[in-house]
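First the structure, in the form of structure tokens, and then the observations on it.
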Amino acid sequence: MLMLMNIMAVISSATLVAAVSRADLQPSFKTFRCRHPVVHVASSTLEVQKVVEKYRQQGNATIRTTHSLFHSSAPFTCASWNAPGSGSSASSSMQRRTAVTLVLNMSSVIRWDAAAAEITVGATMELYDLVAVELKQRGYTLPSMSVPAHGGLTVGGTITTAAHGMNSRPGQSHIMDSIASITIVTGEGKITVVKADTTLLSGVVGGVGLLGVVTEVTFKAVPRTKTRLSVFPYTDDADLVENVNKLRAIKAYDGVFVSWRPDSGMYTVHATETVAWDTPSVPAGAAVGPFNTLTAGAPPTFIDMITSTIATWNQPGGAVTANSLISTFGQQLLSIPWTAYTDKKGNTMPLDHAKFPVVVGETADIATSVPCAENSKDAAGNTCLWSRTAASDGLAIWGTEVAVADTQETFASVVADIRKVVSQDLNPAAAGKPGMSALLPVGDIIFRWGARASMIFGGARQGPIMYVETQGLTNARPSNNNQFPIRNMFALDIVEQVLLCKYKGIPHFGKNFVRTFTHPACALKTTMQQQLAEFKQLQAQHDPLLLFEPQLFTRFLKGSSMSSAACDVRRECFCTSDLHCATRFKCVRSSAFPEHKVCKPPADFDAGRA
């Protein structure tokens with residue numbers, strides 16, 4: 001969410017767009033705030049060019065591009081941010097640069113070429129508007145499930161972070177497969193049209209805006225289709241690997257999405273296939289679309305209840321009073337319906353997938369959710385889960401995602417390693433405590449698969465990949481007030497390190513946290529050495545002054561961690577000493593994977609003593 005405070009004009013020249021000072025940016029994840037002395041707002045490619053040219057001539061700025069609501073948990077969005085110690089991440093020359101935020105206001109259709117079935121849109125158009133509004137009303141769509149399900153993401157943000165859906169078919173798996181061209185303004189102030197199947201496009205997609213500001217995108221649309229969604233809800237995970245591999249082997253499926261709670265031993269699978277437009281909808285006579293439980297439709301009282309419960313659970317002794325509700329929340333996440341239907345009276349109701357294990361609806365509707373702006377309310381007074389209420393700051397979303405090579409053994413191996421962590425690190429946390437069960441944080445572990453793609457970053461360059469994601473909810477508090485970490489997050493911290501180190505995983509640049517990109521033992525500068533060398537060549541051509549390089553990327557290139565007191569609580573580091581942990585927590589070796597350290601609570605944490 002973008003909150004511009006103490007707004008004042010700093011540039012009066014009519015040749016530049018409006019600028020404001022003291023901008024305070026915060027993502028929907030609520031994990032950091034950007035610090036930018038100057039903000040420009042641009043509504044066209046030419047206006048973007050003027051801003052870039054101004055600072056190119058001055059040679060003393062770092063420009064980062066965003067929009068009025070951004071969805072990142074790692075501060076690549078920021079030239080600098082407010083995490084303690086972040087200033088040391090840049091070289092002395094970059095520290096003297098002016099931090100500039102360029103806010104794009106470019107969310108309209110620019111051109112529609114009916115003969116070629118190509119649509120050109122501004123970079124801040126949301127995916128929902130692209131797929132479920134503009135293309136849908138023209139009788140077209142994009143390949144089923146090839147874009148993220150969160151419809152509030154922008155086109156530009158999706159492209160520059162290589163965000164993805166769950167389609168695993170070659171040529172349909174990534175959003176770049178549907179791109180005809182991208183217009184960017186380079187660090188040299190040049191307006192450049194980047195064509196498909198070029199080296200530059202491979203760098204722009206997933207390049208977090210380092211090669212230029214994305215302003216316009218032209219997509220190749222396909223005739224409208226329907227999607228058949230098969231749901232296998234809440235299944236015992238004893239045969240997880242065998243059952244999922246059988247589903248993946250079914251050629252009709254475009255993609256398979258697995259949501260797993262290894263602590264409770266249950267999982268849910270969603271599998272999709274593209275079907276002809278004239279396929280009857282299921283339920284019959286209903287308009288089937290997304291049910292946006294995680295993005296809209298939550299009463300403030302419900303938000304307050306979850307927020308309060310999680311806050312209690314994270315505190316010393318909190319498991320004694322909150323474990324039962326936390327377990328219930330975790331189970332409910334696995335049973336959340338993907339879809340809803342609208343009856344003839346216009347009422348929208350979630351589908352019971354036990355009654356309708358297979359649903360059919362328009363691809364444009366099923367693929368993307370309706371966006372939810374912070375503090376917005378529907379007619380019933382429901383709002384987003386992350387909205388502030390009278391009693392709380394709402395909920396924060398946390399999430400990590402790492403892409404690993406998808407070999408025949410990868411899925412089984414990763415599942416076995418996660419089970420090992422649960423057995424040897426998580427379960428002992430509840431040992432000897434009557435009535436207690438060792439629970440992972442409110443959320444789930446997700447598996448998706450993708451095909452090979454030519455993007456330099458994103459993990460798919462060498463062949464098919466498997467995305468392993470952990471995500472969930474916690475109570476939203478300013479990072480410097482987080483006295484204790486999310487309870488039992490240490491188990492997922494181990495999993496994250498195993499994915500980065502053992503599997504040489506590539507993190508999603510729109511998700512994850514600072515520490516994911518700066519792991520001291522498994523530095524990405526080594527894992528991604530070949531990709532970085534190729535990318536740096538493009539950067540030298542299109543941004544020789546490094547106008548677009550943020551502090552986090554500079555630190556990422558150096559492979560230097562961001563260690564400071566309690567940095568583990570803020571997700572800025574993986575601990576190497578007790579200093580990095582919350583009060584009385586210890587930095588200890590994992591029992592399952594002793595090569596990795598995590599912060600664990602003291603033995604008497606649930607006796608209520610801080």
Discussion item. Using only atom types and a distance under 3.5 Å, with no angle test, would you say the side chain of Asn488 pairs donor to acceptor with the backbone of Leu440?
Written reply: no
Discussion item. Taking CD in Gln137 as the centre, count heavy atoms belonging to other residues, nucleotides or ligands within less than 6.0 Å. Is the count above 12?
Written reply: yes
Worksheet entry | Expected output: side-chain Thr410 to main-chain Thr407 donor-acceptor under 3.5 Å | yes
Worksheet item: Is the side chain of Asp417 donor-acceptor paired with the backbone N or O of Val498 at a distance under 3.5 Å, no angle test?
Response: no
Discussion item. For the backbone of Gly443 and the side chain of Arg261, can you confirm whether one donor and one acceptor N or O come within less than 3.5 Å of each other?
Written reply: yes
Worksheet item: Tell me, do Val109 and Met125 make a side-chain contact under 4.5 Å, heavy atoms counted?
Response: yes
Worksheet, complete the sentence: Looking only at heavy atoms, the pair that brings Gly122 and Val155 closest together is O-CB, 4.4 Å
Discussion item. Tell me whether Arg138 forms a cation-pi arrangement with Trp112, defined as NZ or CZ under 6.0 Å from the six-membered ring centre and within 45 degrees of its axis.
Written reply: yes
Discussion item. Please report whether the ring centroid of Phe484 lies less than 6.0 Å from that of Trp313.
Written reply: no
Enumerate donor-acceptor pairs with a distance under 3.5 Å from any side-chain N or O in residues 245-252 to protein atoms, sequence neighbours excluded.
residue, atom, partner, partner atom, Å
Asn245, ND2, Val241, O, 3.3
Lys246, NZ, Glu242, OE2, 3.4
Arg248, NH2, Asp406, OD2, 2.9

Discussion item. Classify the ring geometry of Phe457 against Phe509: parallel below 30°, tilted from 30° to 60°, perpendicular beyond 60°.
Written reply: parallel
Fill in: Listed once per pair and sorted, the ring pair (Phe, Tyr, Trp, His ring centres under 6.0 Å) pairs that draw on residues 400-425, sequence neighbours left out
Phe411-Phe447, Phe411-Trp449
Discussion item. Donor-acceptor pair, distance only, cut-off 3.5 Å: does the side chain of Thr161 make one with the backbone of Gly157?
Written reply: yes
Worksheet item: Is the His353 ring parallel, tilted or perpendicular to the His270 ring (thresholds 30°, 60°)?
Response: perpendicular
Fill in: Spacing of OG belonging to Ser259 relative to CG belonging to Asp444, to within rounding of 0.5 Å
3.5 Å
Worksheet item: Among side-chain atoms of Tyr267 and Asp236, is any donor-acceptor pair under 3.5 angstrom?
Response: no
Worksheet item: Is it the case that His150 and Glu126 place a side-chain donor and acceptor less than 3.5 Å from each other?
Response: no
Worksheet item: Which atoms form the tightest heavy-atom contact between Pro223 and Thr141, and what is the distance?
Response: O-CG2, 3.8 Å
Worksheet entry | Lys420 NZ/CZ over Phe593 ring centroid, <6.0 Å and within 45° of normal | yes
Discussion item. When you compare the side chains of Asp254 and Thr272, does any donor N or O come within less than 3.5 Å of an acceptor on the partner?
Written reply: no
Worksheet item: Does Val358 have any side chain to side chain contact (heavy atoms under 4.5 Å, CB included) partners at least two apart in sequence or in another chain, and if so, which?
Response: Arg228, Ser230
Worksheet item: Which residues pass the salt bridge (charged side-chain N to carboxylate O under 4.0 Å, His left out) test with Lys226, sequence neighbours left out?
Response: none
Worksheet item: Looking at residues at least two apart in the chain, or sitting in another chain, which of them share a salt bridge (charged side-chain N to carboxylate O under 4.0 Å, His left out) with Glu496?
Response: Arg515
Practice prompt. Start with the C-alpha gap between Ile445 and Leu492, add the side-chain angles, then the distance that decides, and say whether side-chain contact (heavy atoms from CB on, under 4.5 Å) holds.
Written response: CA-CA 9 Å; Ile445 296 175; Leu492 298 180; 4.1 Å; yes
Discussion item. Among residues at least two apart in sequence or on other chains, which ones pass side chain to side chain contact (heavy atoms under 4.5 Å, CB included) with Pro148?
Written reply: Leu127, Leu153, Thr158, Ala163
Worksheet item: Under 3.5 Å, is there a donor-acceptor pair between the side chain of Ser173 and the main chain of Pro170?
Response: no
